[in-house]
Amino acid sequence: MKSLQAKQAITAWKMLSISLILLMLVAAYPLAKTFYFSFTNARLDDLEGATFNGIENYKTLFNDELWWQSVGTTLKFTGISVSIELVLGLAIALALSKDFPFRSFVRAMILIPWAIPTVVSTRIWEWMYNEQYGFINHILLKLHVVDSAMAFLAEPSMQMYSVVLIDVWKTTPFMVLLLLAGLTTISTEVHEAAKVDGATPWQSFWKVTLPLLKPTILVALTFRVLDSLRVFDVFYVLFSNNEKTSTMSIYARTQLIDFQEMGIGSAASVMIFLIIGIFILMQTLFLRKET
């Protein structure tokens, strides 16, 4: 007779089979074509005339300073934004896990930024950042924090942090939602036992809550890092094709659409896929070890 674990595995595969088949039908063909075009000299306006050119597109990519600048911009954005969202999301989730009046209402309201489409929220913040009539400059001037209006989106040193602020405002609620779900799975008896043993609230957090919440944190980080590594809309809405603020996805889009270079654009897309794939593999191995 089959073991219970084997039966559960078979049942799980049966339940996932339809979704996996649909996913393969939708994603496998475009992905395979992208890999194929990355080894050709194809142009978007002449796909039929494409010929095999080996790894020339990848050589061009690796010798392009703009590509590496785009990689650096993407990694910097990912590191800063995800770190802030994790700390802020954990703090808010811990606060929302406590009992207080209108808790359900507050939990619902905090999800509003996440529910707003990214393009819409980015345009809202673009107006708020405006040097002449923006709300942020108005407040800073009224409070005498600055002497003159600040060009948040024009000043190179402030562009990255302006984008990070938008992303943190929008996606921290998503982090809160995941972490709050993880907190609800931790039994109150564990905290009560720690309190009986003389643990302070700070010790209870570090020794009890955080270790038990680690798998949830890793899952939340996985979702957010994957989303940040392929960031496109926020940067493109604010800066369009500005080379200094180009991300990996914007670089691929520029090569493909603006320059009609299907081969190089596909190679860039494959590199993005590989970078994300490597992260998923590392995260999966680490999560399995922690579990």
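Worth saying up front: this structure is predicted, and the values here are computed from it rather than measured.
For Phe105, the CZ atom sits in a loose shell: 12 or fewer heavy atoms of surrounding residues, nucleotides or ligands are nearer than 6.0 Å. Shown here is Leu23, whose CG atom has more than 12 heavy atoms of other residues, nucleotides or ligands within 6.0 Å.
For Trp114 against Lys170, the heavy-atom pair with the smallest separation is O-NZ, 3.1 Å. For Glu126 against Val237, the heavy-atom pair with the smallest separation is OE2-O, 4.4 Å. Ser228 and Thr78 make their closest contact through CB-OG1, 3.4 Å (heavy atoms, listed as atom of the first residue, atom of the second, distance). Nearest heavy atoms, Ala93 versus Leu179: CB-CB, 3.9 Å. Leu140 approaches Met150 most closely through the heavy-atom pair CD1-SD, 4.2 Å. Taking each heavy atom of Ile186 and Thr209 in turn, the nearest pair found is CD1-O, 3.9 Å.
Under the side-chain hydrogen bond (donor to acceptor under 3.5 Å, both in side chains) criterion, Gln159 pairs with no residue, sequence neighbours left out. Applying the salt bridge (charged side-chain N to carboxylate O under 4.0 Å, His left out) test to Glu56 and every residue at least two apart in sequence or in another chain returns Lys59. Applying the side-chain hydrogen bond (donor to acceptor under 3.5 Å, both in side chains) criterion to Asp147, with sequence neighbours excluded, gives no partner residue. Contacts of Phe223 classified as ring pair (Phe, Tyr, Trp, His ring centres under 6.0 Å), with partners at least two apart in sequence or in another chain: none. For Phe279, there are no ring pair (Phe, Tyr, Trp, His ring centres under 6.0 Å) partners, not counting sequence neighbours. Among residues two or more places apart in sequence or in another chain, the ring pair (Phe, Tyr, Trp, His ring centres under 6.0 Å) test is passed with Phe37 by none.
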Contacts under 3.5 angstrom, residues 243-252 side chains, donor-acceptor by atom type, not counting sequence neighbours:
from, atom 1, to, atom 2, distance (Å)
Thr245, OG1, Asn242, O, 3.4
Ser246, OG, Ser70, OG, 3.1
Thr247, OG1, Val231, O, 3.0
Thr247, OG1, Ile250, N, 3.4
Ser249, OG, Arg230, O, 3.2
Tyr251, OH, Asp64, OD2, 2.6

Contacts table for residues 45-53: side-chain donor-acceptor under 3.5 angstrom, sequence neighbours left out:
from, atom 1, to, atom 2, distance (Å)
Asp45, OD1, Arg43, NE, 3.4
Asp46, OD1, Gly49, N, 3.4
Thr51, OG1, Asn41, OD1, 3.1
Thr51, OG1, Asn41, ND2, 3.1
Asn53, OD1, Thr40, N, 3.2

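Ile116 and Met128 fall within a single hydrophobic cluster, where Ile, Leu, Val, Met, Phe, Trp and Tyr side chains are chained together by heavy-atom contacts under 4.5 Å.
Taking Ile, Leu, Val, Met, Phe, Trp and Tyr as hydrophobic and joining them when side-chain heavy atoms fall under 4.5 Å apart, one finds Trp13 in a cluster with Leu16, Leu20. In the hydrophobic clustering (ILVMFWY side chains linked at under 4.5 Å, chained through shared members), Tyr133 is joined by Trp127. Side-chain heavy-atom separations under 4.5 angstrom define the hydrophobic clusters, and the remaining members of the one that includes Leu25 are Ile21.
Judged as a ring pair (Phe, Tyr, Trp, His ring centres under 6.0 Å), the pairs with a partner in residues 135-167 (not counting sequence neighbours) are, in order, Tyr129-Phe152.
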Checking Met271 against Phe62 for the side chain to side chain contact (heavy atoms under 4.5 Å, CB included) test, could you report, in this order, the C-alpha distance in whole Å, the side-chain angles of both residues, the deciding distance, and whether it holds? CA-CA 10 Å; Met271 289 304 301; Phe62 277 75; 3.8 Å; yes
Start with the C-alpha distance between Thr122 and Asp233, add both sets of side-chain angles, then the distance that settles side chain to side chain contact (heavy atoms under 4.5 Å, CB included), and finish with yes or no. CA-CA 8 Å; Thr122 303; Asp233 38 18; 5.9 Å; no
